[in-house]
Amino acid sequence: MKGFLNRFFLVCILFAVSHRAVEAQGGLDYSVQKTYEIGDITLAGSENLDRNVVVLLSGLAVGDKIEIPGERITKAIEKLWDQKLFDEIAISIKEIKNEEVVILEIYLKELPRLSKFSFTGVQKSRIDDLRELIQLNRGKVVNENLIVSTQNQLKNYYVDKGFLNAQIDIDQQRDSTEENGMILDIAITKGPRVKIENIIFHGNSELEGKKLRATMKNTKQMGIARIFKSSKFLEAEYKEDLQKIINYYNTKGFRDAYVVKDSLYPNREESVNLEIWIDEGNKYYFRDINWLGNTKYTNEELRRILDIDKGDVYDQQRLESRLFGSMEGNDITSLYMDEGHLFFDIRPVELY
């Protein structure tokens with residue numbers, strides 16, 4: 001909204017300047033709205049733009065009837081701003097003919113375009129990866145969106161590698177060797193890898209935090225036992241570890257367990273605390289196990305291979321391994337396949 005007001009203010013000022021020139025010629029009263037026919041539209045401010053394209057983008061056309069003052073000019077300016085190609089935009093009255101026909105001038109100052117960019121504070125071995133990541137090509141319009149998106153991409157890249165305090169600064173300098181060219185100097189200060197001082201669980205009334213932390217293979221908190229081992233936070237590996245926590249819950253009968261939310265915040269310099277909230281849900285047990293469609297083997301023979309009894313804690317991983325493939329090869333699928341039943345199919349159906 002602030003940007004819109006600034007633009008509208010700019011337009012009003014330019015109109016006011018133009019109005020005085022017109023008044024000297026024909027006495028135009030801007031306190032009264034009047035309808036004019038657009039006799040022509042000229043372009044100023046940039047020699048590299050196609051006039052026909054600009055006029056088309058503005059929504060104005062020679063022969064149109066417009067009111068001055070009126071909304072058509074304001075909307076035309078907004079349409080040009082929407083292109084995100086310009087640094088300044090103004091539409092002014094250049095001339096009035098026969099008191100009915102108006103000649104408009106569209107003034108445009110283009111945003112600079114990227115001529116080249118470089119990195120500082122980065123190992124040479126990383127530069128190709130970073131170039132591939134940000135996809136900055138020569139000729140791209142250098143606007144606020146380009147700067148912010150580039151900073152965010154690089155920031156996320158280093159956060160994923162454990163540098164949570166990485167700082168990305170982009171300095172813009174005009175290229176004196178190229179018209180409207182802009183040089184970007186991307187300075188990266190990655191800082192030290194941030195370590196996890198504490199991993200704190202909430203909502204885990206059934207399983208101890210110590211056991212949950214043990215399931216996290218790559219995300220570890222600092223401690224005496226880990227003096228010579230890494231405790232860094234890596235985003236991708238952390239997401240995998242969250243799934244390992246849920247998988248562990250599933251083996252303990254908590255098939256509905258899920259991570260409600262998590263929070264990562266600074267604790268001390270170069271360290272953070274990680275808090276994880278869990279909804280454990282209900283604990284499930286195996287009830288009756290019934291077999292349908294089995295003619296070759298009896299229920300008792302299949303039950304013995306399955307090795308799951310009524311009242312056992314529900315463990316989907318255990319169930320699937322006993323049905324479809326165990327390390328020892330003594331599962332239901334192997335039993336049938338070994339007897340030549342190549343098109344054997346088994347489908348467990350859960351009933352509550």
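Excluded from the calculations below are hydrogen atoms, water molecules and symmetry mates; all remaining heavy atoms, backbone and side chain alike, are included.
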Worksheet, complete the sentence: Minimal heavy-atom distance between Lys140 and Gln135, with the atoms involved, is NZ-O, 3.1 Å

Discussion item. Strictly below 4.0 Å, N to O, side chains only: are Asp40 and Lys94 in salt-bridge contact?
Written reply: no

Worksheet item: Quick check: does any side chain N or O of Asp185 sit under 3.5 Å from a backbone N or O of Asp171, one acting as donor and the other as acceptor?
Response: no

Discussion item. Tell me whether Val194 shares a hydrophobic cluster with Ile276, the cluster being built from Ile, Leu, Val, Met, Phe, Trp, Tyr side chains joined at under 4.5 Å.
Written reply: yes

Worksheet item: Is a side-chain donor-acceptor pair under 3.5 Å present for Thr219 with Glu237?
Response: no

Worksheet item: Stepwise, does the ring-ring contact (aromatic ring centres under 6.0 Å, His included) test hold for Phe286 with Tyr314?
Response: CA-CA 5 Å; Phe286 285 105; Tyr314 181 86; 5.0 Å; yes

Practice prompt. Check each of Arg174, Lys109, Arg113 against Asn180 using the side-chain hydrogen bond (donor to acceptor under 3.5 Å, both in side chains) test, and report the only one that passes.
Written response: Arg174

Discussion item. Quick check: is Leu111 connected to Leu49 through a chain of hydrophobic side chains (ILVMFWY, heavy atoms under 4.5 Å apart)?
Written reply: yes

Worksheet item: With no hydrogens and no angle check, do the side chains of Asn250 and Gln316 hold a donor and an acceptor under 3.5 Å apart?
Response: no

Practice prompt. Using distance alone, with no hydrogens and no angle criterion, decide if Gln317 and Thr251 have a side-chain donor and acceptor under 3.5 Å apart.
Written response: no

Item to complete: Considering non-hydrogen atoms only, spot the tightest contact between Gly39 and Val62 and give its length.
Response: O-CG1, 3.4 Å

Worksheet item: Does one side chain, of Ser334 or Asp331, offer a donor that lies under 3.5 Å from an acceptor on the other?
Response: yes

Worksheet item: Distance under 6.0 Å and angle within 45° of the ring axis: does Lys155 meet both against Tyr158?
Response: no

Fill in: Heavy-atom side-chain proximity of Asn330 to Asp307 below 4.5 angstrom
no

Discussion item. In the structure I gave you, are the side-chain heavy atoms of Asp345 and Phe343 within less than 4.5 Å of one another anywhere?
Written reply: no

Worksheet, complete the sentence: Paired with Tyr36, the side-chain contact (heavy atoms from CB on, under 4.5 Å) test is passed by just one of Ile103, Ile68, Val101, namely Ile68

Item to complete: Find out whether Lys211 and Tyr248 are in side-chain contact, i.e. whether some heavy atom of one side chain is under 4.5 Å from a heavy atom of the other.
Response: yes

Discussion item. Distance to the ring centre below 6.0 angstrom and angle to the axis at most 45 degrees; does that hold for Arg303 and Tyr297?
Written reply: no

Worksheet entry | Pair Glu208, Asn204: side-chain N/O donor-acceptor within cut-off below 3.5 Å | no

Worksheet item: Got Tyr238 and Asn218 here, is their nearest side-chain heavy-atom distance under 4.5 Å?
Response: no

